[in-house]
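The next block holds one structure in the form of structure tokens; read it before the comments.
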Amino acid sequence: MLFPEVDEKATKEKVDSLLKNYHKIRRLSGMPIEQKVTATYSLDPKSFTGMNSSAIESGTIKKLDAVSLFRDINAAINTLDAYSRKRIYDKYINSTRFYDYEVFSAEQISEATYYREVGKAMIEFAEAFQGGSLLVFENE
């Protein structure tokens with residue numbers, strides 16, 4: 001079967017587990033606090049001069065893994081449509097941490113609508129991240 005049934009609850013848990021550590025991964029990778037965010041919530045990594053690009057000179061394996069993971073997360077986010085990117089950005093990426101109720105109140109949408117849209121964005125992120133490595137399928 002080309003598209004097996006996705007276990008949405010388990011997939012969302014994996015996405016949440018990864019993305020709630022976004023800022024920790026960013027710190028371990030040595031990336032700046034805020035990436036440049038365009039009006040469409042596209043994350044464009046900043047360039048630094050004088051930064052070593054060689055794996056040998058950049059430090060520990062942990063840092064290299066964090067850099068790779070950080071880039072994979074940003075690449076997956078950038079494949080989402082603007083609305084899903086905004087949902088992921090507001091919930092996990094924004095350095096100004098807001099509670100969920102602050103977001104849906106400010107946008108004047110219902111709590112149910114907000115969580116439905118965040119859930120949809122999380123599934124889309126799981127599909128985009130490392131070729132779908134976060135997807136959990138039923139019967140697994």
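A quick note: this is a predicted structure, and the numbers were derived from the prediction, not measured.
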Can you list everything that forms a salt bridge (charged side-chain N to carboxylate O under 4.0 Å, His left out) with E107? Sequence neighbours excluded, please. K86, R87
Interatomic distance, Q130 atom CD to L18 atom CG [nearest 0.5 angstrom]: 8.0 Å
Under a 3.5 Å distance rule, please check whether T79 uses its side chain to pair with a backbone N or O of A76 as donor and acceptor. yes
Closest heavy-atom contact between R85 and I77? CG-O, 2.9 Å
Find the distance between OG (S84) and CE (M122) and round it off to the nearest 0.5 Å. 12.0 Å
Could you check if a side-chain atom of I93 sits within less than 4.5 angstrom of a side-chain atom of N74, using non-hydrogen atoms only? no
Rounded to the nearest 0.5 angstrom, the CZ-CG distance for R26 and N21 is 12.5 Å
Please check this pair: side chain of T11 against backbone of V136, looking for a donor-acceptor N/O pair closer than 3.5 Å. yes
By side-chain hydrogen bond (donor to acceptor under 3.5 Å, both in side chains) - contacts of K91 (at least two apart): D100
Separation of I73 CD1 from N78 CG (nearest 0.5 Å): 12.0 Å
Closest non-hydrogen atoms of A66 and L28, given as atom of the first, atom of the second and distance, are CB-CB, 3.7 Å
Who are the salt bridge (charged side-chain N to carboxylate O under 4.0 Å, His left out) partners of D16, not counting sequence neighbours? none
From I123 CD1 over to L134 CG, what is the distance, rounded to the nearest 0.5 angstrom? 10.0 Å
Under the ring pair (Phe, Tyr, Trp, His ring centres under 6.0 Å) rule, collect the residues that match up with F129, sequence neighbours excluded. F125
Closest heavy-atom pair and its distance - H23, N94: NE2-O, 3.6 Å
Applying side-chain hydrogen bond (donor to acceptor under 3.5 Å, both in side chains), name anything that partners R27, two or more places apart in sequence or on another chain. none
Please enumerate all residues that pass side-chain hydrogen bond (donor to acceptor under 3.5 Å, both in side chains) together with K120, with sequence neighbours excluded. E124
So CD1 of I109 and OH of Y114: to nearest 0.5 Å the spacing works out to 8.0 Å
Looking at every non-hydrogen atom in both residues, tell me the closest pair between V15 and A126 and how far apart they are. CG2-CB, 3.6 Å
same_hphob_cluster(Y115, Y83) at 4.5 Å side-chain heavy-atom cutoff: no
With a 4.5 Å heavy-atom cut-off, do V6 and E127 have their side chains touching? no
